[in-house]
Amino acid sequence: MSGDILQEVLLEFIEVWLHNVIYKVNLYPSQIFRSRYKYNISLNQSSFPALNNYLRNLVLSLQPQLQRQSIHNITLNILQDLEIQESFTLTISYPATLR
């Protein structure tokens, strides 16, 4: 698989991961999420356009750093009153063939 295809798959995976973390922590009402199949499992994705656009733009902003393989962890912190209530980390390992 070429580096460009792997990068697209990684970007898509990060976006799916974000949607599901946001769903699991009830950050938004569950009614805005729809169940869909991705990676052969049932996942939840927002159907709210503003949230979808925000997450997509966030993920796309990571693309240059992913190309340079300079991102190794992505952490999503859930705050309440400026205190971290929960923290979720996605660890990224790059295939040796792309280094």
Side-chain angles (χ1 to χ4, degrees):
M1 194 179 295
S2 78
D4 290 342
I5 294 171
L6 283 173
Q7 183 175 325
E8 283 302 314
V9 170
L10 181 56
L11 289 170
E12 181 181 65
F13 181 84
I14 293 167
E15 188 171 355
V16 168
W17 176 75
L18 288 168
H19 278 272
N20 279 275
V21 169
I22 290 169
Y23 172 78
K24 293 292 182 191
V25 299
N26 297 309
L27 200 56
Y28 289 88
S30 62
Q31 297 89 336
I32 73 163
F33 290 88
R34 302 289 176 255
S35 182
R36 64 182 280 228
Y37 275 87
K38 193 73 172 174
Y39 311 114
N40 224 15
I41 57 173
S42 179
L43 301 166
N44 296 287
Q45 182 175 8
S46 162
S47 60
F48 189 62
L51 177 58
N52 295 350
N53 289 336
Y54 176 79
L55 293 176
R56 185 67 184 151
N57 289 333
L58 173 68
V59 168
L60 289 175
S61 74
L62 301 173
Q63 194 167 14
Q65 291 86 1
L66 290 171
Q67 284 176 330
R68 291 191 302 272
Q69 299 181 6
S70 61
I71 295 178
H72 299 284
N73 294 295
I74 298 172
T75 300
L76 176 61
N77 292 320
I78 308 299
L79 304 176
Q80 184 174 5
D81 300 323
L82 300 178
E83 296 289 326
I84 296 174
Q85 300 299 307
E86 292 183 83
S87 185
F88 300 86
T89 300
L90 178 65
T91 301
I92 300 171
S93 297
Y94 298 94
T97 56
L98 295 179
R99 291 185 194 145

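At least one side-chain heavy atom of Gln63 sits less than 4.5 Å from a side-chain heavy atom of Glu8. Counting heavy atoms from C-beta outward, Ile14 and Leu66 have side chains that approach closer than 4.5 Å. Contact annotation: the side chain of Leu55 approaches that of Ile22 to within less than 4.5 Å [non-hydrogen atoms, C-beta and beyond]. Taking 4.5 Å as the limit, some side-chain heavy atom of Tyr94 sits within range of a side-chain heavy atom of His72. With contacts defined as side-chain heavy-atom distances shorter than 4.5 Å, the pair Glu12/Lys38 qualifies. Within the 4.5 Å cutoff, no side-chain heavy atoms of Phe88 are placed close to those of Leu18.
Contact between His19 and Ser46 at its shortest, heavy atoms only, is ND1-N, 3.1 Å.
Note: Tyr23 OH to Arg34 CZ = 11.0 Å, rounded to the nearest 0.5 Å. To the nearest 0.5 Å, atom CD of residue Gln45 and atom CD1 of residue Ile32 are 10.5 Å apart. The line from CD1 of Ile71 to CG of Leu90 is 10.0 Å long, rounded to the nearest 0.5 Å. In this structure, the separation between CG on Leu43 and CH2 on Trp17 is 14.0 Å, given to the nearest 0.5 Å. Here the straight-line distance linking atom CG of Asn57 with atom CG of Leu62 works out to 11.0 Å at 0.5 Å rounding. Here the CG-CD1 distance, from Leu58 to Ile74, works out to 8.0 Å after rounding to the nearest 0.5 Å.
Looking only at atom types and distance, the side chain of Ser35 has no donor-acceptor partner in the side chain of Asn44 under 3.5 Å away.
Applying the side chain to side chain donor-acceptor pair (under 3.5 Å) definition to pairs two or more places apart or across chains, those involving residues 76-85 are Asn77-Ser87.
Counted within 6.0 Å of OH on Tyr39, heavy atoms from surrounding residues, nucleotides or ligands total more than 12; the atom is thus considered enclosed.
Without hydrogens or angle criteria, Tyr28 side chain to Phe33 main chain gives no donor-acceptor distance under 3.5 Å. In this structure a side-chain-to-backbone donor-acceptor pair under 3.5 Å is missing from Thr91 to Asn73. Listed for the Ser70 side chain is a donor-acceptor partner under 3.5 Å among the backbone atoms of Gln65.
For the side chain to side chain contact (heavy atoms under 4.5 Å, CB included) with Arg56, the qualifying choice from Asn52, Leu60, Asn53 is Leu60, the only one to do so. If you run side chain to side chain contact (heavy atoms under 4.5 Å, CB included) between Ile78 and each of Asn26, Ile84, Val25, only Val25 comes through.
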